[in-house]
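Right, one structure below, let's go through it.
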Amino acid sequence: MTKERLTSLDVFRGFTIFLMTIVNNPGSWSSIYPPLEHAEWHGCTPTDLVFPFFVFIMGTAIPFAMPVKHLDGAVFNKILVRSLRIFCLGFSLAFFGRIHLFGLEGFPLLAIRLVIFFGIAYALLGNFSLQVKTYLVFGILAVLLFLAYSGLEHFEDTRIPGVLQRIGIVYFFTSLLYLKTNLKTQIITGVSILVGYYLLMAFVPVPGIGEANFEKGTNLAAWLDNLLLNGHLWSVSKTWDPEGILSTLPAIATGITGMFIGQILNLSVTKIEIVKKLAIAGIVLLISGLLWNIVFPINKSLWTSSYVLYTGGIATLSLTFLYYVIDVANYKKWAKLFLIWGVNPMIVFYFSGIIPRVMSSIKMQNPEIVGEEIGFQAYVYQYGIVPVFENPLNASLAYALAYALFWSIILWILYKRKLIFKV
């Protein structure tokens, strides 16, 4: 049993994934407008809001998906399976370019990779019985972990953490917390996580490094990542991961924050009263995050406690605005674009990870250098978009917007046919 969908929440989710698609798919990574880049380390740009917004929205949706608070073996298994399906969707993406079979190259190899990953998508997004879902997700997880730790040449440094992996973990713990505790306990748990994380990061010495610190690669979270996931971390850093182990704890607090807001939205009071309560909560969270930033800098990669509160505040105020405009004032026609994005997020999440890999695998003859090949994405960008714009920043953004338009068409077709894919 689930409650009726909250349109403003779907629109908020859609706007977030729309923004994610744009920031993750520039024409050139060397030509990006600053707001569409992550902060170098401390700080927060609009791009740094995308990931915590997803976690927040997931937490907000929990009270709507589980209006009856009941936890037994069947419900626990359903939550576990959904969490693992989300985890495996993200984990599997790390394997796409690593699959090599029978010495194949070019289109034959690409075709095999696509068949495998469409199969994974069907297995993890298909509407099967809970028993079938359980067998499929545990089987896929076992295969992925075996390959990652098998020592085989192409898989030995496969990344294990990731965005969807973190979302799956947060969903598991926040769902159980919601079903087993009251609001007061949930708030105490969230605050305890944030304070505990701050104490660990600010005061526990880093083995082999020295004093506690918040610097890149030398902090306690980085040490733990390297200790437990050595060789399976983000390829850019290699020794730490922005979706690592310790920093997943405060991410759970982001999920709890969203869950708190979801329960406000479910209160049996007038919609105007809900708007007032949401606005107050958002302002308190935002100011608290800014104050904590003085001693514990806002930082996405560390997912600092100040970052949790600051982004939670912005998320709450954004949702408050959308809730008032869409669900109170009933002004919603303008939001149709984001609504069609918001009801099918996992399709975009997963295949937005596949499509750029496919485009990079397809090779084209470089028109400027005889005998040299370039990826299809680079070809389209360099010879189809760049010549149209004088400013390379505008060209790069135009490519991202064109890619978002491509997805908008696909999502519109799915929406009109009432096809919604859920994990």
Side-chain angles (χ1 to χ4, degrees), residues 1-16 44 49-50 52-69 170-171 173-195 250-293 298 305-332 334-335 338-339 342:
M1 177 182 177
T2 59
K3 297 191 70 171
E4 185 179 347
R5 296 186 76 102
L6 187 66
T7 303
S8 54
L9 187 60
D10 281 334
V11 170
F12 189 25
R13 185 187 296 109
F15 171 78
T16 303
C44 185
L49 298 175
V50 173
F53 276 14
F54 275 121
V55 179
F56 173 92
I57 291 166
M58 180 203 67
T60 306
I62 288 174
F64 290 89
M66 306 175 187
V68 178
K69 296 181 69 169
V170 173
Y171 172 77
F173 287 106
T174 50
S175 295
L176 294 181
L177 183 68
Y178 172 73
L179 291 178
K180 289 297 292 181
T181 65
N182 57 28
L183 183 57
K184 180 180 178 180
T185 302
Q186 293 160 20
I187 293 173
I188 291 173
T189 301
V191 171
S192 298
I193 289 173
L194 295 180
V195 172
I252 293 173
T254 296
I256 294 172
T257 304
M259 193 166 62
F260 167 65
I261 297 303
Q263 289 171 85
I264 293 179
L265 287 164
N266 274 309
L267 290 175
S268 299
V269 297
T270 66
K271 290 184 176 180
I272 290 298
E273 282 298 312
I274 289 176
V275 169
K276 291 177 181 177
K277 292 179 184 296
L278 289 174
I280 292 171
I283 292 170
V284 169
L285 287 166
L286 181 61
I287 293 175
S288 299
L290 291 172
L291 291 174
W292 209 339
N293 173 62
I298 292 171
S305 302
S306 57
Y307 176 73
V308 171
L309 298 176
Y310 177 74
T311 57
I314 296 177
T316 301
L317 292 174
S318 300
L319 182 56
T320 303
F321 172 77
L322 292 172
Y323 179 76
Y324 178 78
V325 171
I326 295 172
D327 294 296
V328 178
N330 200 34
Y331 182 52
K332 58 181 68 173
W334 64 274
F338 299 122
L339 179 62

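The side chain to side chain donor-acceptor pair (under 3.5 Å) check on Thr311 picks up nothing, with sequence neighbours excluded. Residues satisfying the ring pair (Phe, Tyr, Trp, His ring centres under 6.0 Å) test with Tyr178, not counting sequence neighbours, are none. In this view, Phe173 and Ile169, Ile252 satisfy the side chain to side chain contact (heavy atoms under 4.5 Å, CB included) rule, not counting sequence neighbours. Every residue meeting the ring pair (Phe, Tyr, Trp, His ring centres under 6.0 Å) condition with Phe53, not counting sequence neighbours, appears here in chain and number order: Phe12. Every residue two or more places apart in sequence or in another chain that forms a side chain to side chain contact (heavy atoms under 4.5 Å, CB included) with Ile188 is listed here: Lys184, Ser192.
Counting non-hydrogen atoms of neighbouring residues, nucleotides and ligands closer than 6.0 angstrom, the NZ atom of Lys69 exceeds 12 such neighbours.
Applying the ring pair (Phe, Tyr, Trp, His ring centres under 6.0 Å) test to every pair with at least one member in residues 307-326, sequence neighbours left out, gives these pairs: Trp303-Tyr307.
Thr60 places none of its side-chain heavy atoms less than 4.5 Å from the side chain of Leu6. Leu194 is listed as a side-chain neighbour of Trp292, based on a closest heavy-atom distance under 4.5 Å. At least one side-chain heavy atom of Thr189 sits under 4.5 Å from a side-chain heavy atom of Leu177. Annotation: side chain of Cys44 is in contact with side chain of Leu49 (closest heavy-atom distance under 4.5 Å). Within the 4.5 Å cutoff, the side chain of Val308 has no heavy atoms near those of the Pro52 side chain.
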Discussion item. For a side-chain contact (heavy atoms from CB on, under 4.5 Å) check, start with the C-alpha distance between Val195 and Ser305, then their side-chain angles and the critical distance, and finish with the verdict.
Written reply: CA-CA 7 Å; Val195 172; Ser305 302; over 6 Å; no
Practice prompt. Give the intermediate values and the outcome of side-chain contact (heavy atoms from CB on, under 4.5 Å) for residues Phe56 and Leu319.
Written response: CA-CA 10 Å; Phe56 173 92; Leu319 182 56; 4.2 Å; yes
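From Ile264, atom CD1 reaches atom OG1 of Thr316 across 7.5 Å, with rounding to the nearest 0.5 Å. Atom-to-atom distance recorded for Phe260:CZ and Leu265:CG is 10.5 Å, nearest 0.5 angstrom. Between Thr174 atom OG1 and Met58 atom CE the span is 4.0 Å, to the nearest 0.5 Å. Put simply, CG on Leu309 and OG1 on Thr254 are 8.5 Å apart, with the number rounded to the nearest 0.5 Å. Remark: Leu183 CG to Ile256 CD1 distance equals 11.0 Å, nearest 0.5 Å. Once rounded to the nearest 0.5 Å, the distance linking OG of Ser175 with NZ of Lys180 reads 14.0 Å.
Relative orientation of the Trp334 and Phe338 rings is perpendicular, given thresholds of 30° and 60° on the angle between their planes.
Listed here is the closest heavy atom pair of Ala335 and Ile326: CB-CD1, 4.2 Å. The two atoms that bring Pro63 and Met259 nearest to each other are CG-O, 3.8 Å, heavy atoms only. Shortest non-hydrogen contact noted between Gly190 and Ala253 is O-CB, 4.1 Å.
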Acceptor/donor pairs from residues 268-289 side chains to any protein atom, 3.5 angstrom cut, sequence neighbours excluded:
from	atom 1	to	atom 2	distance (Å)
Thr270	OG1	Glu273	N	3.2
Lys271	NZ	Asp327	O	2.9
Ser288	OG	Val284	O	2.7

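Side-chain contact annotation: Asn182 with Thr185, donor-acceptor N/O pair under 3.5 Å present.
In this structure, the side chain of Ser306 engages the main chain of Ile298 through a donor-acceptor pair within 3.5 Å.
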